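Working notes for the structure below.
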Amino acid sequence: QVQLVESGGELVRAGDSLRLSCAASGRTFSMLAMGWFRQAQGKEREFVATISRNGAFTNYADSVKGRFTISRDNVKETVTLQMNNLMSEDTAVYYCAARSSILTSNAEREYPYWGQGTQVTVSS
């Protein structure tokens, strides 16, 4: 089992930056590919970003490319999502997810482990 705890969500203004963190425990963190997803009210959960086990490979949704950066610290067992130039459409609950694979994935169904989410609200 893997336990994931997100933090860092808050109310910010459009154009601001915010950094989300996800702390993992329960399994060797360096063996986990990690992802961030988000769910806006009334919408389905969607892919945001993913990072490989060693951090060498990352992938982003088109909507956040160039504004968001995913990174990880395998010593501290954390994954972060740096979000810059936030827009109102970024408002959502952000979830951290993990999968025991060398491969990353953009697909929600391929992540068996999920955190409880952290709310990000961007006011325009």
Side-chain angles (χ1 to χ4, degrees):
Q1 279 289 357
V2 177
Q3 292 77 46
L4 303 171
V5 179
E6 304 95 335
S7 62
E10 63 180 83
L11 171 63
V12 296
R13 293 184 175 182
D16 284 353
S17 297
L18 196 60
R19 187 178 182 90
L20 304 183
S21 293
C22 172
S25 62
R27 191 166 291 186
T28 303
F29 184 69
S30 60
M31 300 302 290
L32 301 172
M34 303 297 296
W36 283 98
F37 291 77
R38 67 186 182 186
Q39 187 169 22
Q41 192 169 9
K43 296 186 178 181
E44 294 186 353
R45 190 153 53 183
E46 64 176 5
F47 167 74
V48 175
T50 185
I51 189 166
S52 60
R53 298 192 301 189
N54 63 0
F57 177 80
T58 58
N59 193 30
Y60 299 90
D62 287 343
S63 59
V64 306
K65 203 169 292 185
R67 299 188 298 122
F68 290 12
T69 302
I70 188 171
S71 61
R72 66 188 295 157
D73 186 327
N74 284 354
V75 174
K76 295 182 179 179
E77 298 188 328
T78 57
V79 59
T80 60
L81 186 68
Q82 176 66 42
M83 306 185 294
N84 297 330
N85 191 24
L86 283 161
M87 302 184 292
S88 57
E89 47 264 50
D90 295 319
T91 295
V93 177
Y94 283 72
Y95 297 91
C96 175
R99 63 193 302 254
S100 297
S101 175
I102 195 172
L103 299 175
T104 59
S105 174
N106 298 359
E108 176 182 350
R109 65 181 181 277
E110 295 191 1
Y111 288 84
Y113 307 111
W114 292 83
Q116 294 180 325
T118 185
Q119 176 71 48
V120 173
T121 304
V122 184
S123 64
S124 56

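Worth saying up front: this structure is predicted, and the values here are computed from it rather than measured.
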Closest approach of Phe68 and Val48, non-hydrogen atoms and distance? CD2-CG1, 3.8 Å
Around atom NZ of Lys65, are there more than 12 heavy atoms from other residues, nucleotides or ligands closer than 6.0 Å? yes
Full working for side chain to side chain contact (heavy atoms under 4.5 Å, CB included) between Val2 and Leu4: CA-CA 6 Å; Val2 177; Leu4 303 171; 3.7 Å; yes
Quick check: does any side chain N or O of Arg72 sit under 3.5 Å from a backbone N or O of Ser52, one acting as donor and the other as acceptor? yes
Shared hydrophobic cluster for Ile70 and Trp114 (ILVMFWY, side-chain gaps under 4.5 Å): no
Given the rule in the side chain to side chain contact (heavy atoms under 4.5 Å, CB included) test, do Glu44 and Glu108 qualify, once you have shown the distances and angles that lead to the verdict? CA-CA 11 Å; Glu44 294 186 353; Glu108 176 182 350; over 6 Å; no
Tell me if a side-chain donor or acceptor on Arg99 pairs with a main-chain N or O of Glu110 at a distance below 3.5 Å. yes
Minimum heavy-atom distance Ser71-Ile51, with the two atoms named: CA-CD1, 3.7 Å
Main-chain N/O of Arg38 paired to Glu46 side chain as donor or acceptor, under 3.5 Å: no
Can you tell me how far CG of Leu20 sits from CD of Glu6, rounded to the nearest 0.5 angstrom? 8.5 Å
To the nearest 0.5 Å, atom CG of Asn59 lies from atom CG of Asn106 at 4.5 Å
Residue pair Trp36, Cys96: steps toward the side chain to side chain contact (heavy atoms under 4.5 Å, CB included) verdict: CA-CA 5 Å; Trp36 283 98; Cys96 175; 4.1 Å; yes
Inter-residue atom distance Phe29.CZ - Cys22.SG, 0.5 Å rounding: 7.0 Å
Do other residues, nucleotides or ligands put more than 12 heavy atoms under 6.0 Å from Leu11 CG? yes
Do the side chain of Thr91 and the main chain of Val122 share a donor and acceptor less than 3.5 angstrom apart? yes
Starting at OG of Ser17, measure out to CZ of Arg67 and round the result to the nearest 0.5 Å. 10.0 Å
Indicate, with yes or no, if Phe47 and Val79 share a hydrophobic cluster defined by side-chain heavy-atom contacts under 4.5 Å among Ile, Leu, Val, Met, Phe, Trp and Tyr. no
Going only through I, L, V, M, F, W and Y residues with side-chain contacts under 4.5 Å, is there a path from Phe37 to Met83? no
Closest non-hydrogen atom pair between Ser21 and Thr80, with its separation: OG-CG2, 3.7 Å
Looking at Tyr95, is its backbone amide N or carbonyl O close enough to the side chain of Thr118 to form a donor-acceptor pair, meaning the two atoms are under 3.5 Å apart? no
Provide the closest heavy-atom pair for Gly117 versus Val93 in the form atom of the first, atom of the second, distance. CA-CG1, 3.8 Å
Within-4.5 Å side-chain heavy-atom neighbours: Thr50 and Tyr111: yes
Side chains of Met31 and Arg53: closer than 4.5 Å at any heavy-atom pair? yes
For the residue pair Thr121 and Gln119, confirm or rule out a side-chain donor-acceptor distance under 3.5 Å. yes
Do Arg27 and Ser100 pair up side chain to side chain, a donor and an acceptor below 3.5 Å, judged on atom types alone? yes
Ala98 versus Met34, closest heavy-atom pair with distance: CB-SD, 3.5 Å
Has Glu77 got a side-chain atom pairing as donor or acceptor with Ala23's backbone, closer than 3.5 angstrom? no
How long is the gap from CG on Leu86 to CG on Asp16, to the nearest 0.5 Å? 7.0 Å
Minimum heavy-atom separation for Gln82 to Asn84, with atom names? NE2-OD1, 2.9 Å
Walk me through it: do Tyr113 and Gln1 pass the test side chain to side chain contact (heavy atoms under 4.5 Å, CB included)? CA-CA 8 Å; Tyr113 307 111; Gln1 279 289 357; 3.6 Å; yes
